Amino acid sequence: MARSDPSAPGNEAFFSRPALEVARELLGSRISDGDVVVLLTEVEAYSGESDPASHAFRGPTPRNEVMYGPAGRVYVYFSYGMHHCVNLVSEQPGIASAVLLRAGRVVDGHHTARERRGAVSDAALARGPGNLGKTLGATTALTGTTVWDGPLRWTPAGASGPVGAGPRVGVSRAADLPWRLWLIGEPSVSPYRRHPRADPPPG
DNA sequence: ATTCGGATAAGG
DNA sequence: CTTATCCGAATT
């Protein structure tokens, strides 16, 4: 190997699957930036141009272009003019798909994390996608980097606990697809907030 | 429950 | 130009 990690082929294969499947297996795995290490506790799948809640629903744009490329790349979008939200691209090239990293538990680098986030509880450091992005120091400049030879490094999960599934947060269309997954009992998981204009829940 | 902040993209 | 959005903090 000249530059990239020898585990790159395996990592790319891991991400080159349907977003929901990748999302499920991301729970309990780790993503790091320098000394800051986060164990992922909450993720959401966004799958293809047929998913009305996905940034790719209306086809390619300069912002979402990376979602159409090979898996294992980082997609950071700048949200509401202030938050950097981190996604990991999944599926094969041509199928725009990604997993939004919604929350995690900081397991190392608390000092750096708190420099970025301020005086909040450990559980709140990386609770919510904007806060997780801030904890990792993410900016849109990370878009397109891989999680094996870029600033963000991903390592597979060991064991992880029971998994909950429910509606995605803040989406107004396809609001009740249970594509938000989390580790049950984790205090770092963000509270569910339904989009104000989503259709009423079924039942 | 509501309000601001203010990038990105779609539609008029 | 107007409206909506994969959000978070602060306020009613």
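So you know, we letter chains A, B, ... as the sequences are listed, proteins then strands, and number each from 1. All values reported here derive from a predicted model rather than from experimental measurement.
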Problem set entry | Salt-bridge present (D51(A), R168(A); N to O < 4.0 Å) | yes
Exercise. Can a salt bridge be assigned to the pair R116(A) and D33(A) using a cut-off of 4.0 Å between side-chain N and carboxylate O?
Worked result: yes
Which one, [options], comes nearest to the side chain of [X]?
X	options	value
R58(A)	dC6(C), dG5(B), dA10(B)	dA10(B)
R117(A)	dA9(C), dC7(C), dC6(C)	dA9(C)
V169(A)	dC7(C), dA4(C), dA9(B)	dC7(C)

What is the distance from [atom1] of [X] to [atom2] of [N], rounded to the nearest Å?
X	N	atom1	atom2	result
H55(A)	dT5(C)	NE2	C1'	7 Å
Y192(A)	dC7(C)	OH	C1'	15 Å
M67(A)	dA9(B)	CE	C1'	14 Å
R127(A)	dG8(C)	CZ	P	11 Å
M82(A)	dT3(B)	CE	P	16 Å
H84(A)	dG8(C)	NE2	P	13 Å
L125(A)	dA9(C)	CG	P	11 Å
R63(A)	dT8(B)	CZ	P	8 Å

Problem set entry | Aromatic F15(A) / basic R73(A) pairing, under 6.0 angstrom, 45° off normal | no
Would you indicate what [X] reaches in the nucleic acid, counting non-hydrogen atoms under 4.0 angstrom: base, sugar-phosphate, or nothing?
X	answer
R168(A)	nothing
N131(A)	sugar-phosphate
F78(A)	sugar-phosphate
R102(A)	sugar-phosphate
R180(A)	nothing

Exercise. In terms of the nearest nucleotide of DNA chain C, which residue is placed more toward the 5' end: R197(A) or G130(A)?
Worked result: R197(A)
Exercise. With centres under 5.5 Å and planes under 30° as the test, does Y46(A) stack with dC6(C)?
Worked result: yes
Seminar exercise, completed: The Watson-Crick or G-U wobble partner of dG8(C), with both key distances under 3.5 Å, is dC4(B)
For this session: Return no unless some side-chain N or O of S172(A) is found under 4.0 Å from OP1 or OP2 of dT5(C).
Result: yes
Exercise. Counting just side-chain N and O atoms, does T61(A) come under 4.0 Å of either OP1 or OP2 of dA9(B)?
Worked result: yes
For this session: Please check if the side chain of S54(A) supplies one atom and the backbone of A56(A) the other of a donor-acceptor pair under 3.5 Å.
Result: yes
Exercise. Taking atom CZ of R180(A) as the centre, does the number of heavy atoms from other residues, nucleotides or ligands within less than 6.0 Å exceed 12?
Worked result: yes
Exercise. More than 12 non-hydrogen atoms from neighbouring residues, nucleotides or ligands closer than 6.0 Å to CD on E115(A), yes or no?
Worked result: yes
Problem set entry | Same-atom distance (P) from dG5(B) to dT12(C), integer angstrom | 14 Å
For this session: Between Y80(A) and T140(A), name the one whose nearest nucleotide on DNA chain B is closer to the 5' end.
Result: Y80(A)
